Structure formats: structure tokens, C-alpha cells
Amino acid sequence: MEPVLEVKNLMVELRRKNRIQPIIEGIDFKVFPGQCLGILGESGSGKSMSLKAVMGLLGADFSVTGEALFQGENLIGKTKEQLRRIRGKRVAMILQNPMTCFDPLYRIEDQLSETYREHTELTKKEIYEKSLTVLTAMQIKNPEEAVKKYPHQLSGGMLQRIMIGLAMSMEPDLLIADEPTTAIDAITQFEIMKEFIRIKKESDTAMIFISHDLGVISAVSDEVLVLNRGKMADKGTFRQIYEQPKDPYTRLLVEKKKAVMDQYHRALGRKGVISQ
Ligand SMILES: Nc1ncnc2c1ncn2[C@@H]1O[C@H](COP(=O)(O)OP(=O)(O)OP(=O)(O)O)[C@@H](O)[C@H]1O
Ligand SMILES: [Mg+2]
């Protein structure tokens, strides 16, 4: 099987006032259709920066080298406009804080319409119907009422669900979720994780799931990449990382998280994952 995304020797440097600061120092990974790559690491380890670099979301102060082959096409070196067109349709991104993804001045309906207008040929009526379908699929009650609301009138969990529904309705080839459950309460976290597990079961979308939390990563990931200070600390199947971490840093993360992770699996009903 061909990978959807293959990143080779990705490096990111911050160049400011004659100072060069390495941010990402040579990372490699592949993501395949229907599979989920988990990227694990502590705060500041370079998880977000590595994906932002690949998707062209870094400012002019950053220099990015290496290769990021998306369906065989190198994304590094593409213009902002070319990348913007790829994002949102072929690649969907879900970010940490759902509030920041919605414009507070516009109703949910208008924000969904804008995405569909830009990336599809749907008519106004079809867009409205599609918006309701997305909300219904994401188990939002009274979708007709919900689309009329402004972001601050909905909970963080509901907004995140709408984001995920919107992203998946574009049928992307790659879904990147950067700490999608960090800003929401624990109960909603489980609900959102269930959505990701469902997406993985029901679609062929390749997924990259970023988290500092091994419990969250273990719930969806097939392969795991562990980052430590911008470098790859470990890479392998979830089971390898969990049972035989090569790197002392990974070992520490695993030890710290074993109890929390067991709780997660009980709650998500994914008990078999450790012993499969
Ligand atoms: N805008 C920026 N300017 C300068 N340095 C930055 C900027 N954003 C991030 N960095 C640096 O890049 C490194 C990696 O940051 P990154 O945001 O990728 O971490 P992360 O693993 O996503 O952490 P978190 O779990 O907190 O989201 C950090 O050392 C950080 O200080
Ligand atoms: Mg981050």
C-alpha cells in the first residue's frame, strides 16, 4: 500500500536576528489509508510545529527542509495558495481549541456554508441540508436550532464535534487532529474519542493524531512516533512503544501513564488493545 503522506528528514529552523534555532531535527514518518499515526511528546517537543511545517502554516521566520510527499507530491516548497487549496479538502485539520476555529461573529450555519462554498459545487439549499446532516451525524440535538447559533452559545464539546463532522464531510484523504480533546472536559473527551474511533472504523481516511497523552494516543493509533525536543525518540507500533520502549524518555512517559491509560480503555471499551 502507498502511504498517503510520507515525511522524510523534516527539519525546521527558526531564523531570527542572525540566530538560528533548531526546532525540528530530522523526523521521518509514513501514514497509510485507514491507519492512524499517533504523535506523542511533552509540551514543546515539536508535535504541532512538525505538522504545521508540512502544511505550510509557519511564518517567514521559519525555514523548512526535507520532503513531505502527499500522495506522491512534495508539499515542501509549494506556495501558500497551493497549500491552502489542499488543506480543507484533501487534508483536514482539527485543532486544539475549537473556539479559535470558529469566527465569533458568524453563526455556525454561515461558517459551514463558507467551507462548502469554497470546496464544493453544492447549491445553497444543498449546503443547508448537508450542514444539518453533518450535525445530526455528530449527534447534535436540534440541528436546525444549533446552526442558527453563534459559537459562544454552544459548548466546547459541541463545537469540536461540529469541526470533526465538517472535516469528515469533506471526505479528506488525510485528517490531522492536533490535541483535539485537550480543551474540553473529561466526559466530553471520551465522546470525542469515540467519534475518532468510529471514523477510523468506518472510513479509509489516513489519520495523524497528536497528543501529549498516551491514553488518548492508545485509543486510536496503530503506529506511534515519540518526539522529544524536536527529535524522534521512538517509533513503532503502539504495542512496541508500550511494551518495549527503546528510548528512556518513552519509557518514562509510558510508566507515568499506565494507570491513566487503563482507565481510558475501560471507559472506551477497548480493553483488548494492550494484549492483542
Ligand atoms: N511561534 C513560535 N516562535 C518561536 N518558537 C516557537 C513558536 N512556536 C513554537 N515554538 C517552539 O517550537 C518548539 C516546538 O513547539 P510545538 O508547538 O511544536 O510543541 P508541541 O509539542 O506542539 O507542544 P504542546 O503540547 O504544548 O502543543 C518549542 O520549543 C517552542 O518553544
Ligand atoms: Mg502543540
Side-chain angles (χ1 to χ4, degrees), residues 4-16 20-31 36-70 75-76 78 80 83-84 86-88 90-102 156 159-160 163-164 166-167 172 174-184 189 192-193 196 205-221 223-235 241 249-250 253 257:
V4 178
L5 178 67
E6 177 169 13
V7 168
K8 296 185 199 171
N9 199 23
L10 181 74
M11 305 228 194
V12 179
E13 287 174 346
L14 175 61
R15 296 167 183 234
R16 228 179 243 168
I20 297 180
Q21 184 194 338
I23 303 269
I24 302 293
E25 299 179 69
I27 67 171
D28 308 278
F29 61 82
K30 290 182 193 173
V31 204
C36 176
L37 171 76
I39 301 186
L40 179 71
E42 286 179 323
S43 184
S45 57
K47 305 182 297 296
S48 300
M49 293 298 268
S50 53
L51 270 306
K52 281 184 183 163
V54 166
M55 295 315 302
L57 294 170
L58 297 180
D61 287 352
F62 294 92
S63 112
V64 180
T65 57
E67 274 184 281
L69 302 170
F70 174 67
L75 300 182
I76 311 286
K78 282 208 183 295
K80 294 256 171 212
L83 287 168
R84 201 183 56 79
I86 291 175
R87 283 195 313 267
R90 290 159 71 197
V91 180
M93 295 184 84
I94 295 167
L95 303 175
Q96 181 164 354
N97 190 345
M99 276 297 182
T100 61
C101 303
F102 288 92
L159 291 177
Q160 195 61 304
M163 270 313 291
I164 298 169
L166 175 64
L174 175 65
L175 176 70
I176 300 173
D178 189 351
E179 308 257 12
T181 62
T182 311
I184 45 193
Q189 258 191 39
I192 298 291
M193 287 315 295
F196 282 108
T205 298
M207 210 189 276
I208 296 179
F209 201 98
I210 299 177
S211 181
H212 63 276
D213 188 329
L214 188 69
V216 170
I217 289 275
S218 72
V220 277
S221 308
E223 298 265 329
V224 181
L225 168 66
V226 185
L227 295 185
N228 183 16
R229 297 171 187 224
K231 294 196 176 89
M232 293 202 297
D234 243 317
K235 196 163 72 168
I241 294 290
Y249 173 77
T250 318
L253 282 184
K257 289 289 175 182

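All values reported here derive from a predicted model rather than from experimental measurement.
Listed here is the closest heavy atom pair of Val220 and Cys36: O-CB, 3.3 Å. Shortest non-hydrogen contact noted between Ala167 and Pro172 is O-CD, 3.2 Å. Considering every non-hydrogen atom in both Leu174 and Met207, the closest pair reads CD1-N, 4.3 Å. Nearest heavy atom pair, residue Ala68 against residue Ile76, reads N-CG1, 3.7 Å. Shortest non-hydrogen contact noted between Val7 and Val54 is CG2-CG2, 3.9 Å. The shortest heavy-atom contact between Ser221 and Leu37 is OG-C, 4.3 Å.
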Practice problem: Kindly indicate, with the supporting measurements, whether the criterion salt bridge (Lys or Arg N to Asp or Glu O under 4.0 Å) is fulfilled by Asp61 and Arg15. | Solution: CA-CA 5 Å; Asp61 287 352; Arg15 296 167 183 234; over 6 Å; no
Exercise. List the steps and the verdict of side chain to side chain contact (heavy atoms under 4.5 Å, CB included) for Glu223 and Ile241.
Key: CA-CA 9 Å; Glu223 298 265 329; Ile241 294 290; over 6 Å; no
Practice problem: Go through the steps for Leu51 and Asp178 under the test side chain to side chain contact (heavy atoms under 4.5 Å, CB included), then give the verdict. | Solution: CA-CA 9 Å; Leu51 270 306; Asp178 189 351; over 6 Å; no
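Under the 3.5 Å distance criterion, with hydrogens and angles disregarded, no donor-acceptor pair is assigned to the side chains of Ser45 and Asn228.
Looking at Glu179 and His212, their side chains come closer than 4.5 Å, going by heavy atoms from C-beta outward. In this structure, the side chains of Leu227 and Ile27 come closer than 4.5 Å at one or more pairs of heavy atoms. Contact of the Met55 side chain with the Met93 side chain is registered, since non-hydrogen atoms from C-beta on lie closer than 4.5 Å. Contact check for Lys52 versus Phe62: no side-chain heavy atoms found under the 4.5 Å cut-off. Here the side chains of Ile94 and Phe209 are not in contact, with every heavy-atom distance at 4.5 Å or above. Taking 4.5 Å as the limit, some side-chain heavy atom of Tyr249 sits within range of a side-chain heavy atom of Glu42. A 4.5 Å side-chain heavy-atom check between Phe29 and Leu10 finds every atom pair outside the cut-off. The shortest side-chain heavy-atom distance between Ile86 and Leu75 falls under the 4.5 Å cut-off.
No more than 12 heavy-atom neighbours from other residues, nucleotides or ligands sit within 6.0 angstrom of NZ on Lys231. Shown here is Arg87, whose CZ atom has more than 12 heavy atoms of other residues, nucleotides or ligands within 6.0 Å.
In this structure, the separation between CD on Glu67 and CD on Glu6 is 8.0 Å, given to the nearest 0.5 Å. Atom OG of Ser218 and atom CE of Met193 lie 8.0 Å apart (nearest 0.5 Å). Taking OG of Ser50 as the start and CD1 of Ile210 as the end, the distance is 6.0 Å to the nearest 0.5 Å. Once rounded to the nearest 0.5 Å, the distance linking SG of Cys101 with CG of Leu159 reads 9.0 Å. Between the CG atom of Leu40 and the OG1 atom of Thr250 there is a distance of 7.5 Å, given to the nearest 0.5 Å. Atom CG of Leu5 sits about 5.0 Å away from atom CD1 of Ile208, to the nearest 0.5 Å.
With salt bridges taken as basic N to acidic carboxylate O contacts below 4.0 Å, none links Lys8 and Asp28.
Panel note: side chain Lys47, backbone Ser211; no donor-acceptor pair is recorded below 3.5 Å. Panel note: side chain Gln160, backbone Pro180; a donor-acceptor pair is recorded below 3.5 Å.
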